[in-house]
Amino acid sequence: MIPWLLVLSLPALVAGLDKTHGVPAALLSRYSAPKSGSLWKCLDGSKEIPWDFVNDDACDCPDGSDEPGTSACPNSTFYCKNEGHIGATIPSSRVNDGLCEPQCCDGSDERPGVCKNACKEIGEEYRKKRDAERKIQKTGAKIRSSYITFAHKEKKRLEALVESTSQEIVVREKEVARLRDIAERTESLSAAALEHKQQSPLYLSLMDHSSALKSLQREHKKHLEREKQLGDILDTLRKGYNPNYQDMAVLEAVRGWEYLAGLPHIGVEEDAQMDLSVSDEEAGIPEEEQDDKQPEEELPEDEWTAEELETGVDELLNTDYISMLMSHDDHVMSPPVGSLFNVRAYLPDSMIPQYDDMRSAVISWLGVIGIVGTDGEKSTDSSKARQALNDAESALKRVKNEKKDAEEALEDIFSVEGFGAEGQWKKLDGTCLNLDTGEYTYEVCMFDQARQKPNHGGTTFNLGKFSSWNPSPDVQPGEPAYYERQVYNAGTRCWNGPERSVVLVMKCGTENALLSVAELEKCEYQLTGTSPALCLPLDNGSEREEL
């Protein structure tokens, strides 16, 4: 309630009120005294009034613009300058009501002396807080920029993966077709026919070569192991013998081992470690030993290197010789292009059906008398060809799935409803954030799953799978507020309750972290956290404030 003394003195206060009192800086030019004899026009242009009527505590303009500093006009506004802080606007109904509005730290909404001017202290505190937030935002924006760079690199990697898998699919489809043909023809052979083919000199020679390779590989591994053992013995001798003891046999053995193994003379490497600037000559390494390195052996073009022997022999030993035999038969049975004995090629089209029928009859007759193989018991060896086909089909399916996954990832990486228009969230895909509350640890794996894990034994509960960004109809996809919430739902059902779910509320921060957890409703959790992905670059133009 306003004291009567103040009410009685109100006209005097209003009479001395500045005409620009309560006017925002942007409208100050509109509140200037008109030329002599002229009237002042209301801001909406609907009426002209004497200049003295402005801020006289009587509402004359329909838009209330003639009373910016009083409460005379309803639905009008009052502007607090708040020098030393930030200006603010309040409803005019709060002006001169005897209450100090927190938005007007300068107390200008009330008569002089009623409210203390605290703008200096409030402004300093605000600027400290603002500077700290700007520092966090600036640091976070740099991290966010690195996330965007990662997304572009990931896009290039996925594009290359799609291209390479596309090419690999073409190759594997041809291989599957080839193996399917071999498997079908192998399964159509009788056991006797296949056994007959396996008695061919080529196949028997291949088996001998395979056995020889296995034996050579076994002996080679024995020699490597023995060489290692001998090297360890010589290395122990090299490090343990007394160089001052003039045993020439030992000295010759040590020097020979150093030469073969490419090692410096014993003691030289220790001295070199103590003085890294020592030269080879000062280290006692003869010049001929520096240059007299064993040149790499030049092998004929048809021989394998040591590296090829290490990796290629196993591949040879795993060869499907049955499939190779069938392919060889195809090659042998196929007549060369332009062959003189390709009878069918010389027949007119009208005689080809009769020729094919006669050929089939002859082959069938030869099969009856045992000259050529006939259908009979299926060979058990055909399972190997079928297994090769199954493996090739599985590999083809795997590559196709890999391509599909890469294409889907490409669609999401720069999608506003996926990882953001700039791809700023791709880096965090699968990143797990944890918050220990004492009894439980809450875990959110971004874009995957949220969990509640007991710290002292018990059941871990699924709190939901990632469902969407901010689902509010007031927020549009791509807006900053859209990425401030993540929804995880369809978790483990509560006892006599709903399925567990989580809403993750985030803000700009220099770390990806969880800060708090609250159960707003039964089994409906709200987690708060921070992420650099929400730190937009500072816009200096938008940060200008009137102080």
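We number each residue from 1, following the sequence as shown. The structure displayed is predicted, hence computed values, not measured ones.
For Trp40 and Tyr31, the ring centers are positioned less than 6.0 Å apart. For an aromatic pair to be called close, the ring centres must be under 6.0 Å apart, and Trp469 with Phe419 fails this.
Of the possible polar contacts, none joining the Ser501 side chain to the Asn489 backbone as a donor-acceptor pair under 3.5 Å is found. Listed for the Thr139 side chain is no donor-acceptor partner under 3.5 Å among the backbone atoms of Ile136. Not a single donor-acceptor pair under 3.5 Å links the side chain of Glu408 to the backbone N or O of Asp405. Judged by distance alone, with hydrogens and angles left aside, the side-chain atoms of Asn455 form a donor-acceptor pair with the main-chain N or O of Gly438 at under 3.5 Å. Glu110 places a side-chain N or O within donor-acceptor distance of the main-chain N or O of Asp97, the cut-off being under 3.5 Å. Looking at Asn117, its side chain does come within 3.5 Å of a backbone N or O of Cys119 through a donor-acceptor pair. For Thr149 (side chain) and Ser145 (main-chain N/O), a donor-acceptor pair under 3.5 Å exists by modelled atom type.
Salt bridge Glu393/Arg398: absent, no basic N to carboxylate O contact under 4.0 Å. A salt bridge links Glu443 with Lys453: at least one charged nitrogen is closer than 4.0 Å to a carboxylate oxygen. Using a 4.0 Å cut-off between charged nitrogen and carboxylate oxygen, Arg127 and Glu124 do not count as a salt-bridge pair. Remark: Lys426 engages Asp429 in a salt bridge, criterion side-chain N to carboxylate O under 4.0 Å. Ion pairing between Arg144 and Glu422 holds under the 4.0 Å rule for side-chain N and carboxylate O. Ionic pairing of Lys81 and Asp106 is not present here: no N-O contact between side-chain nitrogen and carboxylate oxygen is shorter than 4.0 angstrom. Between Asp232 and Lys228 there is a salt bridge, with a side-chain nitrogen of the basic residue lying less than 4.0 Å from a carboxylate oxygen of the acidic one.
Ring orientation note: the planes of Tyr525 and Tyr442 are tilted relative to one another, at an angle of 30° to 60°. Between Phe414 and His152, the two ring planes are tilted [angle within 30° to 60°].
Closest heavy-atom contact between Cys59 and Gly64: SG-CA, 4.3 Å. When every heavy atom of Thr510 is checked against every heavy atom of Gly140, the shortest pair comes out as CG2-N, 4.2 Å. The minimum heavy-atom distance between Met446 and Leu504, with the atom names listed, is SD-CD2, 4.2 Å. Taking every heavy atom of both residues into account, Ala58 and Ala72 meet most closely at N-CB, 3.7 Å. Pairing each heavy atom of Leu43 with each of Arg30, the nearest pair is O-NH2, 3.4 Å. The shortest heavy-atom contact between Val503 and Arg485 is CG1-NH1, 3.5 Å.
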Exercise. Given the rule in the side-chain hydrogen bond (donor to acceptor under 3.5 Å, both in side chains) test, do Glu67 and Thr70 qualify, once you have shown the distances and angles that lead to the verdict?
Worked result: CA-CA 6 Å; Glu67 296 298 320; Thr70 73; 2.7 Å; yes

For this session: Give the C-alpha distance, both sets of side-chain angles, the deciding distance and a yes or no for side-chain hydrogen bond (donor to acceptor under 3.5 Å, both in side chains) between Tyr482 and Glu484.
Result: CA-CA 6 Å; Tyr482 181 70; Glu484 292 176 357; over 6 Å; no

Exercise. For Arg500 and Arg493, what are the C-alpha separation, side-chain angles and deciding distance, and is it a side-chain contact (heavy atoms from CB on, under 4.5 Å)?
Worked result: CA-CA 6 Å; Arg500 289 174 170 84; Arg493 184 175 294 278; 5.9 Å; no

Problem set entry | From CA spacing to verdict: side-chain contact (heavy atoms from CB on, under 4.5 Å), Lys400, Lys397 | CA-CA 5 Å; Lys400 285 184 175 180; Lys397 183 178 180 181; 5.7 Å; no

For this session: List the steps and the verdict of disulfide bond (SG atoms under 2.5 Å apart) for Cys508 and Cys535.
Result: CA-CA 5 Å; Cys508 168; Cys535 298; 1.9 Å; yes

Problem set entry | Step-by-step side-chain contact (heavy atoms from CB on, under 4.5 Å) determination, Leu514 to Val444 | CA-CA 9 Å; Leu514 297 180; Val444 176; 4.3 Å; yes

Exercise. Where do Glu175 and Val171 land on the side-chain contact (heavy atoms from CB on, under 4.5 Å) test, with the steps shown first?
Worked result: CA-CA 6 Å; Glu175 178 67 6; Val171 174; 5.7 Å; no

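A 4.5 Å side-chain heavy-atom check between Trp51 and Ser38 finds every atom pair outside the cut-off. The shortest distance between side-chain heavy atoms of Thr437 and Val517 falls below 4.5 Å.
Atom-to-atom distance recorded for Glu417:CD and Tyr483:OH is 8.0 Å, nearest 0.5 angstrom. Annotation: the span from Gln449 atom CD to Asn462 atom CG amounts to 4.0 Å, rounded to 0.5 Å. The CG atom of Asp63 sits 3.5 Å away from atom CG of Asp44, with the distance rounded to the nearest 0.5 Å. Atom CG in Asn96 sits 7.5 Å away from atom CG in Asp57 (nearest 0.5 Å). To the nearest 0.5 Å, atom CD1 of residue Ile169 and atom CD of residue Glu402 are 9.0 Å apart. Within the model, atoms CG of Leu389 and CZ of Arg178 stand 10.5 Å from one another, a figure rounded to the nearest 0.5 Å.
In summary, the side chains of Asn55 and Asp66 do not present any donor paired with an acceptor at a separation below 3.5 Å, with no hydrogens or angles considered. A donor-acceptor pair shorter than 3.5 Å cannot be found between the side chains of Thr165 and Glu168. Counting only N and O atoms by type, the side chains of Asn434 and Thr441 include no donor and acceptor under 3.5 Å apart.
None of Lys404, Gln167, Arg157, Lys403 except one satisfies the side-chain contact (heavy atoms from CB on, under 4.5 Å) rule with Val162; the exception is Lys403.
The local environment of NZ in Lys138 is sparse, with at most 12 non-hydrogen atoms from other residues, nucleotides or ligands closer than 6.0 Å. Atom CD of Glu521 has 12 or fewer neighbouring heavy atoms from other residues, nucleotides or ligands inside a 6.0 Å radius.
Applying the disulfide bond (SG atoms under 2.5 Å apart) rule to pairs touching residues 423-466 yields Cys432-Cys445, sequence neighbours excluded.
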Donor-acceptor pairs are to be reported for all side-chain atoms of residues 526-533 against protein atoms at under 3.5 Å, with residues two or more places apart or in another chain.
from   : atom 1 : to     : atom 2 : distance (Å)
Thr528 : OG1    : Ser516 : N      : 3.2
Thr528 : OG1    : Ser516 : OG     : 2.5
Thr530 : OG1    : Glu511 : O      : 2.8
Ser531 : OG     : Asn512 : OD1    : 2.8
Ser531 : OG     : Ala533 : N      : 3.2

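The side-chain tip of Lys427 points at the ring of Phe150 from less than 6.0 angstrom away and within 45° of straight on.
Checked against the 2.5 Å cut-off, the SG-SG distance between Cys115 and Cys104 does not fall under it. When the SG-SG distance for Cys80 and Cys105 is compared with the 2.5 Å cut-off, it comes out at or above that value.
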